[in-house]
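Comments concern the structure below.
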Amino acid sequence: MGRVLLVALAIAVVAAFGAAPAAQAHIIHSNGTWSYKYMTRGSSSDCGGSGGKEDPLNVLFWQYGEGNRMNSHMEADTDLGFYSAPGVVRKDQWICGDSDSAVGNYTVNVRDNFDDQQGHGGIYCTCRVRAHARIFYAPHSHTGTTDKWSIIDAHHAETVFCSSTALCHKIDEDWETWEIHIGAEFGSSGHNFYYDYWARQGNQMIKGFFDDGFITRVGGLHNGVY
């Protein structure tokens, strides 16, 4: 019940006060449109259309949320971490961003993930499952330290053979389960954590598992310290 009340309060706060600060950070434009597409794409060329959808970008690090810092914090403050995978192709995905001068043109600021981390299992472990998150820089630069943000596609997957020699990863749990889990790990390590802070789109099934269309916010400060 406590978490439900917290979520309701967070959504109410966003509704009342969220548009202006979000616009300042270029997460949402002043006209209310988002500055990036909710779903990652499997190829940079897919950013111009509706195809090639991959993962929901479901946890956003905002306010002091610069990508390299948050990548380090994810490794230090959660059960995810850096890993090597010799012989395994680590599949990149792309974030599709627009700009203030080309609102709605999501081909002008396209970036692939600059790193990824895994935990709760691993790519080679006998359990054949893992939590996984790719991390993306904001698709446009910010000069103010407090406005910098980055974002991840938190999920859980099973390692399967997609051919006799190649390994692939198949989503095997609801997106919400790991959005909450990873966000809560940040929260228990001293970061602000607001589950389902931003209402993004309607709920849907993605790769056979549920996503509610909301985005969790994690603050970039660690116990109030930059």
Side-chain angles (χ1 to χ4, degrees), residues 1-29 32 34-36 38 55-82 95 113-117 119-120 131-156 174-201 211-226:
M1 178 63 71
R3 187 177 67 79
V4 172
L5 291 175
L6 178 62
V7 171
L9 178 60
I11 293 172
V13 169
V14 173
F17 304 106
Q24 292 172 12
H26 288 189
I27 300 168
I28 304 172
H29 295 293
W34 284 78
S35 63
Y36 67 93
Y38 180 58
D55 297 347
L57 292 159
N58 52 13
V59 179
L60 193 149
F61 307 118
W62 182 51
Q63 292 197 318
Y64 304 97
E66 192 276 326
N68 291 304
R69 286 188 63 254
M70 298 314 298
N71 198 28
S72 295
H73 277 282
M74 185 159 59
E75 195 276 335
D77 296 338
T78 76
D79 286 334
L80 274 66
F82 304 123
I95 185 173
N113 55 282
F114 68 91
D115 204 354
D116 72 309
Q117 295 188 33
H120 300 278
H132 185 225
R134 297 175 182 84
I135 183 166
F136 301 79
Y137 296 119
H140 32 67
S141 60
H142 302 86
T143 56
T145 302
T146 187
D147 284 340
K148 292 184 177 180
W149 59 274
S150 55
I151 195 164
I152 62 174
D153 61 338
H155 59 275
H156 194 269
D174 285 345
W175 301 89
E176 295 308 304
T177 300
W178 289 88
E179 177 183 339
I180 296 169
H181 190 107
I182 291 174
E185 286 183 352
F186 273 106
S188 66
S189 299
H191 293 267
N192 290 329
F193 160 52
Y194 305 97
Y195 172 60
D196 277 2
Y197 184 84
W198 285 287
R200 184 62 203 263
Q201 64 179 60
D211 175 76
D212 69 2
F214 284 73
I215 299 172
T216 286
R217 171 183 164 181
V218 171
L221 292 181
H222 184 256
N223 292 316
V225 178
Y226 178 69

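In this structure, the separation between CG on Leu60 and OG on Ser150 is 7.0 Å, given to the nearest 0.5 Å. With values rounded to the nearest 0.5 angstrom, Glu66 atom CD is found 11.5 Å from Ser141 atom OG.
Aromatic pair Phe186/Phe61: centroids less than 6.0 angstrom apart. In this structure, the ring of Tyr194 has its center no less than 6.0 angstrom from the ring center of Trp62. Aromatic ring centres of His156 and His181: separated by at least 6.0 Å. For His155 and Trp175, the ring centers sit closer than 6.0 Å to each other.
Side-chain atoms of Gln117 and Asp115 form no donor-acceptor pair, as typed in the model, at a separation below 3.5 Å.
Side-chain atoms of Asp79 do not come within 3.5 Å of backbone N or O of Gly119 as any donor-acceptor pair. Between the side chain of Asp174 and the backbone N or O of Glu176, no donor-acceptor pair lies under 3.5 Å.
Remark: Asp211 pairs with no residue by the salt bridge (Lys or Arg N to Asp or Glu O under 4.0 Å) rule, at least two apart or across chains. Taking Tyr38 as the reference, nothing meets the ring-ring contact (aromatic ring centres under 6.0 Å, His included) condition, with sequence neighbours excluded. Evaluation of the ring-ring contact (aromatic ring centres under 6.0 Å, His included) rule for His222 yields His73, His191 as partners, not counting sequence neighbours. In this structure Arg217 satisfies the salt bridge (Lys or Arg N to Asp or Glu O under 4.0 Å) test with no other residue, sequence neighbours excluded. For Asp116, the salt bridge (Lys or Arg N to Asp or Glu O under 4.0 Å) test picks out Arg90, with sequence neighbours left out. For the ring-ring contact (aromatic ring centres under 6.0 Å, His included) test, residues two or more places apart in sequence or in another chain that qualify with Phe114 are Tyr137.
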Exercise. Passes ring-ring contact (aromatic ring centres under 6.0 Å, His included), His120 versus Trp178? Steps please.
Worked result: CA-CA 11 Å; His120 300 278; Trp178 289 88; 5.1 Å; yes
Problem set entry | Residues Ile27, Trp198; criterion side-chain contact (heavy atoms from CB on, under 4.5 Å); working and verdict | CA-CA 10 Å; Ile27 300 168; Trp198 285 287; 4.0 Å; yes
For this session: Please report the C-alpha distance between Ile135 and Asn113 in whole Å, then the side-chain angles of each, then the deciding distance to 0.1 Å, and finally whether the side-chain contact (heavy atoms from CB on, under 4.5 Å) criterion is met.
Result: CA-CA 5 Å; Ile135 183 166; Asn113 55 282; 5.8 Å; no
For this session: Please assess Ile152 against Arg134 for the test side-chain contact (heavy atoms from CB on, under 4.5 Å), listing each intermediate value before the final yes or no.
Result: CA-CA 5 Å; Ile152 62 174; Arg134 297 175 182 84; over 6 Å; no
For this session: Let me see the working for Tyr36 and His26 under side-chain contact (heavy atoms from CB on, under 4.5 Å), right down to the final yes or no.
Result: CA-CA 9 Å; Tyr36 67 93; His26 288 189; over 6 Å; no
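Using a 4.5 Å heavy-atom cutoff, the side chains of Gln63 and Trp149 are not in contact. You'll find the side chain of Asn192 stays beyond 4.5 Å of the side chain of Leu221, heavy atoms only. Considering only heavy atoms from C-beta on, Leu57 comes within 4.5 Å of Ile151 through its side chain. Side-chain atoms of Thr216 and Val59, non-hydrogen and from C-beta on, do get closer than 4.5 Å to each other. Side chains of Ser35 and His29 form a contact here, defined as non-hydrogen atoms less than 4.5 Å apart.
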